[in-house]
Structures are given as C-alpha cells and as structure tokens.
There are 2 protein chains.
Amino acid sequence: MNPARPPGTTAPTGSTGRRKARWSTVEEIKDYIREHGLRPGDPLPTENELCEELGVSRSSVREAMRTLSSLDIVEVRHGHGSFVGGLSMSPLVSGLVFRGSLNRDGTFRTLREVVQVRIALDMAVAEELVSTYRGTTNEDLRELVGRMRRRSEAGETFVEEDGEFHRALLSQLDNTVVRQLVGAFWEVHTSVVPMLGIATSAEIATTVEAHGEMIDALEAGDVPAYHEAVLRHYAPLQHAIEQGLAETEDGTHD
Amino acid sequence: MNPARPPGTTAPTGSTGRRKARWSTVEEIKDYIREHGLRPGDPLPTENELCEELGVSRSSVREAMRTLSSLDIVEVRHGHGSFVGGLSMSPLVSGLVFRGSLNRDGTFRTLREVVQVRIALDMAVAEELVSTYRGTTNEDLRELVGRMRRRSEAGETFVEEDGEFHRALLSQLDNTVVRQLVGAFWEVHTSVVPMLGIATSAEIATTVEAHGEMIDALEAGDVPAYHEAVLRHYAPLQHAIEQGLAETEDGTHD
DNA sequence: TTGAATTTGTTCGTATGTATT
DNA sequence: TAATACATACGAACAAATTCA
C-alpha cells in the first residue's frame with residue numbers, strides 16, 4: 001500500500017527508526033505486564049527503561065502509559081514511578097458521568113438508567129447475600145443506618161454513610177466483577193444526583209428505613225423481602241427522577 | 001506564549017507559566033464539548049486549534065486526546081480529524097479482557113464472573129422484553145437460531161450469529177446503559193472464551209435450542225419461562241468453566 | 001532542614017506517514 | 001499525480017514532585 005516501507009525494519013531516515021504504531025506500544029506494555037506476571041500494585045520499569053525495552057521514544061511510551069492509566073491498567077505517580085493499576089471500573093464511571101453531564105435531559109435519563117442497573121444488580125446478588133448473612137447479627141450495619149437516620153432528621157445528607165453501607169454489605173461477595181460494578185454505578189449515581197438539584201423530599205426517610213429492612217431480610221434469610229426492601233430503597237429517588245423528567249419535557253428548563 | 005496568561009488563573013509557581021496539569025487539560029476538553037453542545041460524531045477542533053484554545057502544548061493536547069479516546073469520549077481518525085466519541089462501554093471491555101488475560105486462573109474466574117453478570121442483566125430485562133415481544137412473531141430471530149443450529153451441527157462456531165441474535169433481541173430496549181452494558185459483557189465473554197481452549201461439547205446444542213426457547217417465552221409473554229431459557233442458555237458454558245477451574249486448581253496447568 | 005538524586009510532567013522543534021482534494 | 005492538511009513519531013531540554021541521605 002505504501003511505496004518505500006521495508007518490512008518491519010528500522011530507519012527510512014537514518015536516525016529515527018519508526019518501527020511501530022503507538023497502539024502496539026500499548027499492547028507491548030500489556031504484554032510486559034503479562035509476561036512478567038505482575039499483579040496490581042507491582043512497580044513497572046521507569047519510562048526511560050521502557051523506551052529502551054520497547055525501542056520507542058519516550059513520547060510514545062508516555063502516550064501509551066496515558067492510555068493505560070486512563071483504563072486503570074497502570075497507575076502513574078508523579079515523581080515516584082509507575083505501577084500496575086487496580087483494574088477497577090473507574091473508566092466506566094468517567095464515561096457515564098460525562099454522558100450525564102452533557103445536558104440536563106441527559107442527566108435525568110442517565111440517572112434513571114443507572115438506577116435501573118443498580119436495582120438489577122442488587123436483585124441478582126440477593127441469593128448469595130442471604131446465604132452469607134442468614135442467622136447473623138450485624139451491629140455495624142445497623143449503626144450505619146442509625147447514623148443515616150440522625151443525619152436525615154437533621155436535614156443533612158448521608159452520602160458517606162450510604163456508600164459505607166453498600167460497600168460493607170457486598171464486601172463478602174465472592175464475585176469481584178459484580179462488586180466493582182455495583183460500586184461503579186453507586187459512584188455514577190452519587191456524582192450525577194447533585195447536578196439535578198433535587199429537593200430532598202420527606203420521602204427520603206423511606207430510603208433510610210429501607211436500609212434497615214434490607215438487613216432484616218438478609219438476617220432472616222428472606223429473599224423476597226430483600227427484593228421488596230431494595231425497591232423501597234430506590235422508590236423516592238425514582239419518583240424524583242420521573243418528576244424531573246416530566247418538568248424538563250414541559251420545557252420548564254433548557 | 002509564556003508571558004501572555006489570558007484567563008483568570010494565576011501563575012501557580014514562579015518561573016514559567018505552566019498553568020495546568022494534563023489532568024485538567026482532559027477536563028477542559030470535556031468542558032469544551034459540553035459548552036459547545038457537541039454530540040457523538042460532531043467534529044472537534046484540530047489539535048493545533050485546541051492548543052491555542054487551551055493554552056497548552058501539542059503534546060499535552062495529544063496525551064489528553066489519547067486519554068479521552070481510550071474512554072470513547074473522543075474518536076480520532078488518522079489524517080482526518082477528531083470527533084466526539086460514541087460514549088460506549090469499550091473501556092470496560094478492554095479492562096476486563098486484560099484482567100482475563102493475566103493468567104489462566106484469572107481467565108476462568110473472570111469468565112465465570114462475567115457470565116454471572118450477563119445472567120443478572122438478562123434476567124432484569126425480562127419484563128421489559130416481554131412487554132415488547134408479547135404476541136409478536138419474529139422470523140428474523142428464528143432464522144438466526146436456524147443458522148446457529150446448522151453451524152453447530154457442522155462442527156463450526158456461531159459467534160457472529162450469537163452476537164447478532166442478542167443485539168437484535170435488545171435493540172428495542174429503551175435503556176441505553178443496559179443495552180451497552182449487555183453488549184460489553186457479551187464482547188468480554190467472546191474475547192475471553194477462546195483463551196481457554198474449551199472443547200465444544202455436545203452440550204452446545206442445548207445453548208442453540210435455548211435461544212429458540214427464549215423467543216418462544218417472549219412471544220408467549222411468559223417471564224418465568226424466559227428466565228429458565230436464559231439459565232439453560234448459559235448452563236453448558238458454566239459447566240465447562242467449573243470443570244476448567246477444578247482442573248487448574250488440581251495443578252494440571254499453571 | 002537542606003539538598004541531591006530519581007522519576008514523571010510539560011514544552012518545543014522537527015521529520016514523516018496518511019487521508020483528502 | 002501533486003498539493004494540502006493533519007496525525008504520528010522522535011528527542012532534547014527543563015519543570016515539578018517524591019524520596020532519601
């Protein structure tokens with residue numbers, strides 16, 4: 001396709017050997033991690049060492065590292081070094097939050113869809129959670145619910161406690177992908193909600209108490225009751241979302 | 001360029017006016033998209049124009065664009081220009097496929113967890129699918145099942161037909177996030193499976209017929225039957241995964 | 001506390017491949 | 001085929017953050 005392009009060899013111009021595309025630099029760094037059996041947190045060679053190892057310039061290595069760090073496959077710490085990343089769902093969060101921030105209508109739609117996904121995942125883990133929590137008592141979780149109730153009654157938000165609750169609830173879950181996915185969608189949820197300026201209705205008490213009902217159901221080993229508690233947990237928010245969507249469709253906002 | 005410091009920011013440190021980190025260049029490009037009301041597919045300024053607009057160097061813009069393109073927030077077409085990306089779930093796919101490729105054990109575990117997520121999502125959309133398909137006839141979907149059956153009987157794979165089937169099935173789904181998520185996990189699934197070299201068992205016929213049963217259940221408006229068909233659909237693969245996991249734990253492979 | 005060494009972050013200049021016209 | 005516009009790549013030099021003596 002191209003006139004002078006000797007197969008895979010270097011230096012059409014002498015000094016600079018333009019051997020491979022940047023895309024393949026990304027793949028080569030992935031291969032390096034695989035072939036050296038590195039695990040999350042393990043240190044990577046310095047950028048200069050990678051340049052030698054892969055035979056490309058530092059700029060190319062840097063762009064590849066940017067790509068990999070935005071996917072959480074590597075983690076770069078300024079002035080310190082590069083490490084294998086946590087392989088989390090953070091890129092998913094970035095993308096969805098950005099989508100939600102594009103316009104007011106998109107914010108409501110994204111949030112509605114995200115909530116539906118959260119419900120689906122919460123429902124799906126019910127059996128496994130019940131098998132873990134049946135017959136146990138969980139003072140730490142109930143204490144979190146108490147903190148939520150006090151904050152709610154004081155007219156404050158309780159995002160921190162809510163996150164801690166859901167994180168603790170799933171901490172025993174064996175499925176890493178599901179656990180990270182639930183966490184990611186929780187994060188999208190809490191990032192997008194403030195964009196809407198939803199008035200915290202009196203209904204929010206329902207959400208707080210639903211957390212307690214979730215614990216009750218799990219300890220009692222009652223899957224259907226857990227399902228109902230999950231639905232009640234999201235009901236006030238869903239109500240606010242539908243109300244907001246109706247208002248924007250009326251042209252009340254841009 | 002150094003002396004002129006246009007907008008409201010102050011010089012952070014003494015000597016040269018290095019105003020913002022690369023991270024904020026990413027955010028500024030996002031802001032540009034938001035503030036100009038751009039939608040997926042719309043063209044972005046050239047890299048040089050963005051350099052002027054944001055007051056940073058080409059390299060910084062390039063690295064930021066790399067980050068954004070790996071998140072599918074922008075799409076770069078070589079020799080043509082940059083455009084707003086499709087906001088898909090492709091970063092999720094990259095990360096999970098990489099995790100699955102790290103070692104043989106991780107491959108099996110990742111696949112098992114991915115299948116569990118697929119099941120959860122398929123279950124969750126049952127109601128909405130039933131309300132869409134109840135009372136309809138779907139020759140196109142049944143034709144796909146027929147193609148799968150013929151290929152399966154000929155000892156061939158039918159990845160293409162399977163993807164087309166699931167894509168078509170969800171095409172009417174109103175929830176974009178769920179649809180993309182299902183597609184993403186299908187992609188991870190089909191990318192990871194070949195790494196295992198699972199022998200295509202005779203059980204694979206069960207999967208083919210389960211596709212047909214899914215259509216039957218949807219057209220009949222029978223949610224529980226759909227749930228059962230979904231489970232049968234995944235059963236042969238789950239069996240193979242558990243078998244593979246048991247073998248690797250025996251130390252048969254590394 | 002200071003300061004040197006190490007490593008990543010940013011910028012400029014230049015050269016070259018590639019798609020469109 | 002030639003010209004243009006643009007993305008891609010390289011490398012040197014300097015800035016900033018972190019660590020450790």
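Only a predicted model underlies this, so the values are computations on that prediction, with no experimental measurement involved. Order of the sequence lines sets the chain letters (A, B, ...), proteins ahead of strands, with each chain counted from 1.
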Exercise. So, A/Glu28 and A/Lys30, do they make that salt bridge, N to O below 4.0 Å?
Worked result: no

For this session: Could you tell me whether A/Arg142 and A/Glu161 make a salt bridge, using a distance below 4.0 angstrom between a side-chain N and a carboxylate O?
Result: no

Exercise. Is a side-chain N or O of A/Thr107 found less than 3.5 angstrom from the main chain of A/Gly100, in a donor-acceptor match?
Worked result: yes

Exercise. When you check the phosphate oxygens OP1 and OP2 of C/dT8, does a side-chain N or O of A/Arg66 lie under 4.0 Å from one of them?
Worked result: no

Seminar exercise, completed: Side-chain contact check for B/Ser57: nearest option of C/dT8, D/dT8, C/dT10 is C/dT10

Exercise. Separation of A/Leu44 atom CG from C/dT7 atom C1', in whole Å?
Worked result: 13 Å

Exercise. Hey, is the side chain of B/Ser59 poking within less than 4.0 Å of OP1 or OP2 on C/dG9, counting only N and O atoms?
Worked result: no

For this session: Figure out the CD/P separation between B/Glu49 and D/dC6, and round it to whole Å.
Result: 7 Å

Problem set entry | Phosphate OP1/OP2 of C/dT11: any B/Ser60 side-chain N/O under 4.0 Å | yes

Exercise. Between atom CG in B/Leu68 and atom P in D/dA7, what is the gap in whole Å?
Worked result: 14 Å

Seminar exercise, completed: Rounded to whole Å, the CE-P distance (B/Met65 to D/dC6) equals 13 Å

Exercise. Side chains of B/Ser82 and B/Arg77: donor-acceptor distance under 3.5 Å anywhere?
Worked result: no

Exercise. Taking CD from A/Glu75 and C1' from C/dG9, how many angstroms apart are they, rounded to a whole number?
Worked result: 16 Å

Exercise. In whole Å, what is the span from the CG atom of B/Leu54 to the C1' atom of C/dT10?
Worked result: 14 Å

For this session: Using only side-chain N and O atoms of A/Arg62, determine if any of them is under 4.0 Å from OP1 or OP2 of C/dG9.
Result: yes

Exercise. For the pair made of CG in B/Asn48 and C1' in D/dT4, what is the distance, rounded to whole Å?
Worked result: 14 Å

Problem set entry | Which nucleotide in C/dC12, C/dT8, D/dA9 has an atom nearest any side-chain atom of A/Glu47 | C/dT8

Exercise. How about A/His189 and A/Phe185: are their ring centroids closer than 6.0 Å?
Worked result: no

Exercise. B/Arg58 near the nucleic acid: base, sugar-phosphate alone, or nothing, with a heavy-atom cut-off under 4.0 Å?
Worked result: nothing

Exercise. For the side chain of A/His80, counting heavy atoms from C-beta on, which of D/dC10, C/dT8, D/dT18 is nearest?
Worked result: D/dT18

Seminar exercise, completed: From CD of A/Glu52 across to P of D/dC10 the rounded distance in Å is 14 Å

